[in-house]
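Letters go in sequence order (proteins before strands), and every chain restarts at 1.
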There are 2 protein chains.
Amino acid sequence: MNHVSDKKPEHETIYVRVKEMILFGEFIPGQPITILGLSESIGAGVTPVREAIRRLTAEGALRSLKNRRVEVPEMSDHRLSQIELVRMSVEPALATMAAANIDDRVIAELEQIDTLVDKAIDNGDTREYLAANYQFHFTLYEAADALILQRIAESLWLQVGPSLRVVCGRYGTAKLLDQHREATLALREGDTEKVKKAIEEDIRQGLALVRQTLRA
Amino acid sequence: MNHVSDKKPEHETIYVRVKEMILFGEFIPGQPITILGLSESIGAGVTPVREAIRRLTAEGALRSLKNRRVEVPEMSDHRLSQIELVRMSVEPALATMAAANIDDRVIAELEQIDTLVDKAIDNGDTREYLAANYQFHFTLYEAADALILQRIAESLWLQVGPSLRVVCGRYGTAKLLDQHREATLALREGDTEKVKKAIEEDIRQGLALVRQTLRA
DNA sequence: TTTCCGCACTTTTGATCAAAAATAGATTCG
DNA sequence: CGAATCTATTTTTGATCAAAAGTGCGGAAA
């Protein structure tokens, strides 16, 4: 046999696993992370966990203290405004590009995901809401076929992730608006500009909620 | 004594070293990277090199193939336009924020660095030019005190780095304009808007040169 | 009480090794 | 001759271990 195995290396698997833990609010802002602790809790060797943590650190999802410790960064007004600046530039661009490329099969997929979002909101299931919401956005962005932008967006989502847990912890899922219907409708109409506007609004609302929680 | 040693871990040192190799054009686009090869060439253990490579990969400076191999990515029109979009949003913002905060000591430092840029251009010293040019920009951006934006900018520079070698290889340093004087003068005048414009123009010119080289 | 120090315990770090995987050449087969 | 296969070599991967570094607590001294 030969070349190009399809099974991913352990550190890759662990990376994805921890990434999702961060994205879906399983860490508290400020929480210290230990390599040993993580590797024990997910039952993996310490070496691949180390690599995954370096990667997440490089993406800003974790912060490496000068004491060789690693922690989940806390959100601040200062950080939030930087994140907002870039998200408002990158994600609408991704949405625009996606709208130009997307085919009906993917639009249908998005509509499907959106029903999961609604269901999660109705059920007050925070973790499921965060997962479905993430999936909606990145399924859309995937269609843009712009890997560099997508990775930047992902890095920014990782930085907001832990705060979303706090937002939902405070308000539950009650306050969450679903801005997605606007977007899928516009996609069906082929109205690129409207798709962009919907995503802009979605980001604005989400970050406003985080900011509000921050100040409280 | 206690706590908080000031000596950095090996993987951190190696990260910086390799980062500079990429930034200053010591790798050719498309060049394959091997962990073993790197660790032998810089005389380090394989473990910290691995960590550094993961980190650079997460930043987009290296690309990990599905064959478990790692290479220096080649530039393309598609990648370049994504990079341009974000650089034109992030770096002018950094420059603006920097201009608002900066003190005379740092401005003097920038003027000092700029003489090094000029000298490198005169001498046709590509590596020195790239190093000084980098130092100019990031000394400025540092003053913005906006770590998230700064890290995004750095990630984008890393992705352009290897192409700059090609640009300079083709044209030498002759074609390089020095846009920096504009910027330092505007900083002295406290003209924030003009600083921003100067940086925008600098980025535009640099990327235009890369694009031109790409098409040739 | 407060501060400082020492000590036991935890964690990170980086080298090393065996196993898995990939590559490149040489060889065989059609 | 070209394509597929086998094999020797290189490389990556992940576990393990010893050494370095950090943490935090308890007790002694001010």
Side-chain angles (χ1 to χ4, degrees), chain A residues 1-22 27-74, chain B residues 1-22 27-74:
Chain A
M1 220 18 53
N2 81 336
H3 334 294
V4 184
S5 131
D6 38 44
K7 118 162 129 38
K8 295 183 189 299
E10 188 76 354
H11 67 82
E12 177 74 25
T13 310
I14 294 172
Y15 164 75
V16 173
R17 176 121 177 238
V18 179
K19 181 176 85 172
E20 291 181 345
M21 290 171 80
I22 295 172
F27 290 116
I28 300 168
Q31 178 175 343
I33 302 291
T34 72
I35 295 175
L36 202 58
L38 248 192
S39 78
E40 279 167 4
S41 81
I42 67 183
V46 77
T47 312
V49 170
R50 228 150 82 181
E51 295 178 84
I53 285 184
R54 292 297 169 241
R55 198 166 155 190
L56 265 338
T57 302
E59 293 177 329
L62 300 175
R63 199 167 80 99
S64 108
L65 278 16
K66 38 185 172 314
N67 323 334
R68 303 176 163 202
R69 285 295 154 93
V70 174
E71 65 167 30
V72 180
E74 299 202 53
Chain B
M1 231 359 57
N2 80 338
H3 334 298
V4 184
S5 129
D6 39 43
K7 120 164 129 38
K8 295 183 189 300
E10 188 76 352
H11 68 82
E12 177 74 24
T13 310
I14 294 172
Y15 164 75
V16 173
R17 174 119 177 239
V18 178
K19 181 176 85 173
E20 290 182 345
M21 290 172 80
I22 295 172
F27 289 117
I28 300 168
Q31 179 175 343
I33 301 291
T34 72
I35 295 173
L36 203 58
L38 247 191
S39 79
E40 279 167 4
S41 80
I42 67 183
V46 77
T47 313
V49 170
R50 230 151 79 180
E51 293 178 85
I53 285 184
R54 293 295 170 243
R55 197 165 155 191
L56 265 339
T57 302
E59 292 177 330
L62 300 175
R63 199 167 80 100
S64 106
L65 279 15
K66 39 185 172 314
N67 324 335
R68 303 175 163 204
R69 287 294 154 94
V70 173
E71 65 166 30
V72 180
E74 300 202 51

Atom-pair distance ([atom1] on [X]; [atom2] on [N]), nearest Å:
X: Leu38(B); N: dT11(D); atom1: CG; atom2: P; value: 12 Å
X: Ile42(B); N: dA15(C); atom1: CD1; atom2: P; value: 11 Å
X: Lys8(B); N: dG14(C); atom1: NZ; atom2: C1'; value: 18 Å
X: Glu71(B); N: dT12(D); atom1: CD; atom2: C1'; value: 16 Å
X: Arg68(B); N: dG14(D); atom1: CZ; atom2: C1'; value: 10 Å
X: Glu40(B); N: dA15(C); atom1: CD; atom2: P; value: 13 Å
X: Ile35(B); N: dG14(C); atom1: CD1; atom2: P; value: 15 Å

If you compare every side-chain N and O of Arg54(B) against the phosphate oxygens of dT13(D) (OP1, OP2), does one of them come in below 4.0 Å?
yes
Looking at Asn67(A), I'd like to know whether one of its side-chain N or O atoms comes within less than 4.0 Å of OP1 or OP2 on dT23(D).
yes
Provide the closest heavy-atom pair for Gly60(B) versus Pro73(B) in the form atom of the first, atom of the second, distance.
O-CG, 4.1 Å
Per [X] side chain, nearest of listed nucleotides [options]:
X: Thr34(B); options: dT13(C), dT12(D), dG14(C); answer: dT12(D)
X: Leu36(B); options: dA15(D), dA21(D), dT11(D); answer: dT11(D)
X: Glu51(A); options: dG14(C), dT23(C), dG14(D); answer: dG14(D)
X: Arg69(A); options: dA21(D), dT11(C), dT12(D); answer: dT11(C)
X: Thr47(B); options: dG14(D), dT16(D), dG14(C); answer: dG14(C)
X: Glu10(B); options: dG14(C), dT16(C), dG14(D); answer: dG14(C)
X: His11(B); options: dT11(C), dG14(C), dT13(D); answer: dG14(C)

Mind checking side chain to side chain donor-acceptor pair (under 3.5 Å) for Gln31(B) and listing every partner two or more places apart, or none if nothing turns up?
none
Does Arg50(A) contact dG14(D) through a side-chain donor or acceptor facing the base, at a distance under 3.5 Å?
no
Show, in sequence, the C-alpha distance, side-chain angles and deciding distance for Glu12(B) and Arg55(B), and conclude whether the salt bridge (charged side-chain N to carboxylate O under 4.0 Å, His left out) test is met.
CA-CA 10 Å; Glu12(B) 177 74 24; Arg55(B) 197 165 155 191; 3.0 Å; yes
Verdict with reasoning, Ile22(B) to Leu62(B), per side chain to side chain contact (heavy atoms under 4.5 Å, CB included)
CA-CA 9 Å; Ile22(B) 295 172; Leu62(B) 300 175; 4.0 Å; yes
Does a side-chain N-to-carboxylate-O contact under 4.0 Å join Arg17(A) and Glu10(A)?
no
